[in-house]
Amino acid sequence: MFERRTFILNNNTANERCKSLLDAGLSLDGGSASYAYTVRFNLDYGFVDVIFNRPTSFIIDKTLNETIMKIMISGFYPYLTFFTNNGPEFVATGNDDFSTAMALRFRFKVGQFQRLHFEQLSEARMVGSKIPLMIGYDFDLKASSGMVALSGMSGTGKSTLALYMLACALRGSAEFPGADITIIDPKLDVNLFKFAKKYDVEYISPSGNDNEYLNDVKGVLAQAIQLVEQRQKVMITTGRTAFPPKIIFIDEAMALTNSITDNKKIKEYLALVTRLTLTGRSASVFLWVGSQTFEVGSVMSSSSRDQMSLKVLLSNNPNVNDCRYLFKDFDPSTVVLNRDNFNKGLGLASTQPDNRIVPFLAPYIKDIEL
């Protein structure tokens with residue numbers, strides 16, 4: 001009979017666990033690496049430092065950083081969720097001794113991200129200026145550019161997530177006024193239509209040929225840019241900086257230009273998108289876009305993609321190809337998705353200001369009730 005031992009997470013046990021994981025997983029110069037480093041956890045502030053005893057016989061570089069990160073991600077699941085990084089984060093340890101004055105830092109949150117559950121869409125609410133996305137994970141419209149990119153194939157829950165976020169923004173909070181919303185829906189999603197009708201939200205859908213519809217959309221974007229310019233003039237003349245939010249949501253954006261053969265019209269549309277994403281933040285005019293892909297030349301420019309403060313990729317098994325537009329050069333195999341009983345709304349997300357890519361579970365709404 002084996003005695004079952006309960007793992008109690010504290011700084012000491014985390015240090016011991018981490019050291020044993022790295023000793024087993026790292027092989028530096030073909031031998032044991034246990035002599036080469038110590039580890040120091042700080043659960044309160046969400047980081048662990050791997051402190052190397054310099055000089056070392058190996059290079060402390062991006063490859064070593066990625067190896068350690070992968071060991072941490074799988075080794076501490078489900079107790080800790082480690083955040084991936086684009087390269088080594090070097091920090092000073094505060095030690096006077098040269099050999100231990102530097103460390104590699106890895107950041108995490110205690111536990112796993114959990115899905116929010118709502119009985120009805122009417123329960124969706126903002127908290128201050130934040131839209132809750134998961135338990136302990138929010139999208140802050142004030143602390144970011146306010147621009148949103150939602151990517152995913154049909155059936156992954158993209159429109160439902162957008163509907164939830166729009167419902168939150170529409171109602172606002174005591175500290176953050178409800179948004180004036182315009183929905184551009186080229187594929188006539190029934191729930192978006194019902195939402196717009198129920199809450200008297202402006203809804204732009206195809207009524208003629210594709211060229212006429214694109215002209216209608218360009219008109220909406222031009223009006224939004226005009227609103228930005230008007231508010232900027234008010235800021236300059238009066239010093240006022242707070243304005244009620246205006247949100248333009250484009251669903252299935254790729255469908256807007258797919259059948260358009262006039263490249264000039266497409267370029268004009270993309271230019272309006274770029275201008276709005278670059279200038280809208282200061283005037284609280286935000287562009288939210290849902291699309292199966294975010295290709296340059298059909299959905300938005302690379303500079304517009306860079307302005308997206310919330311990026312969500314919905315896919316049950318995201319791969320490098322899925323990530324190439326919103327999370328360029330990111331390897332999704334370094335993220336452990338926290339799967340539950342629902343097969344939709346699962347994927348990856350990042351928000352400003354830290355832009356960390358995390359496992360994502362979109363809010364579950366039992367009854368959309370529209």
Side-chain angles (χ1 to χ4, degrees), residues 44-46 81 83 107-152 157-183 195 199 201 231 241-249 276-277 280-290 306-314 326-327 338 340 345-366 368:
D44 292 333
Y45 289 92
T81 299
F83 303 121
R107 300 182 183 274
F108 59 81
K109 76 176 293 292
V110 176
Q112 302 297 306
F113 289 102
Q114 300 292 328
R115 193 189 299 267
L116 292 168
H117 291 252
F118 299 95
E119 288 294 316
Q120 299 176 337
L121 184 63
S122 57
E123 297 174 8
R125 291 286 188 279
M126 292 184 70
V127 179
S129 60
K130 299 177 180 178
I131 296 176
L133 295 175
M134 295 185 286
I135 296 174
Y137 189 81
D138 310 300
F139 172 48
D140 194 333
L141 282 169
K142 275 189 177 179
S144 68
S145 73
M147 309 296 172
V148 175
L150 307 177
S151 179
K158 188 169 67 267
S159 294
T160 302
L161 172 59
L163 201 61
Y164 163 79
M165 293 181 63
L166 290 170
C168 288
L170 181 71
R171 297 186 180 98
S173 69
E175 300 85 7
F176 197 82
D180 177 24
I181 296 171
T182 297
I183 295 174
F195 175 84
Y199 295 108
V201 168
R231 290 180 173 183
T241 58
F243 300 93
K246 169 69 181 179
I247 295 173
I248 311 292
F249 173 58
L276 182 56
T277 55
R281 176 184 182 177
S282 63
S284 297
V285 181
F286 309 124
L287 182 66
W288 294 6
V289 180
D306 292 341
Q307 295 301 312
M308 299 292 109
S309 55
L310 170 64
K311 299 177 182 180
V312 177
L313 168 62
L314 296 180
L326 295 187
F327 307 121
N338 188 26
D340 55 13
L346 186 69
L348 304 170
S350 72
T351 60
Q352 290 177 344
D354 56 40
N355 292 316
R356 291 174 184 154
I357 300 172
V358 303
F360 182 72
L361 298 95
Y364 171 76
I365 303 167
K366 185 177 180 180
I368 292 182

Evaluation steps, side chain to side chain contact (heavy atoms under 4.5 Å, CB included), between R107 and D354: CA-CA 12 Å; R107 300 182 183 274; D354 56 40; over 6 Å; no

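- Heavy-atom minimum distance, E119 versus K366: OE1-CD, 3.3 Å.
- Nearest heavy atom pair, residue I181 against residue K246, reads C-NZ, 4.2 Å.
- Taking CG of D138 as the reference point, atom CG of L133 lies at 7.0 Å (rounded to 0.5 Å).
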Run the side-chain donor-acceptor check on residues 356-363: report pairs under 3.5 Å with partners two or more places apart or on a different chain.
none

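- Closest heavy-atom contact between G111 and T81: O-OG1, 2.7 Å.
- Between the side chain of Q352 and the backbone N or O of S145 there is at least one donor-acceptor pair closer than 3.5 Å.
- Remark: side-chain polar atoms of R115 are not paired, donor with acceptor, to backbone N or O of Y364 under 3.5 angstrom.
- A donor-acceptor pair under 3.5 Å is absent between the side-chain atoms of T351 and the main chain of L310, judged by distance alone.
- The closest side-chain heavy-atom distance from I247 to T182 is not below 4.5 Å.
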F195 and V201: CA distance, side-chain angles, deciding distance, side chain to side chain contact (heavy atoms under 4.5 Å, CB included) verdict: CA-CA 8 Å; F195 175 84; V201 168; 4.2 Å; yes

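- Smallest separation of non-hydrogen atoms from Y164 and P132: OH-O, 2.5 Å.
- Distance CG/L166 to CZ/R171: 11.0 Å, rounded to 0.5 Å.
- A distance of 5.5 Å separates CD1 in I135 from CG in L116, rounded to the nearest 0.5 Å.
- Remark: F83 pairs with no residue by the ring-ring contact (aromatic ring centres under 6.0 Å, His included) rule, at least two apart or across chains.
- Screening residues 123-134 for side-chain hydrogen bond (donor to acceptor under 3.5 Å, both in side chains), with sequence neighbours left out, gives S129-D140.
- Here the CZ atom belonging to F249 is positioned 8.5 Å from the CG atom belonging to L163, to the nearest 0.5 angstrom.
- The CE atom of M308 lies 10.5 Å from the OG atom of S144; values are rounded to the nearest 0.5 Å.
- Residues V285 and M147 approach most closely at O-CE, 3.4 Å, considering heavy atoms.
- Across all non-hydrogen atoms, the minimal contact from W288 to M165 is CZ3-CB, 3.7 Å.
- Under a 3.5 Å cut-off, the side chain of S350 and the backbone N or O of N355 do not form any donor-acceptor pair.
- The CD atom of Q114 sits 15.0 Å away from atom OH of Y137, with the distance rounded to the nearest 0.5 Å.
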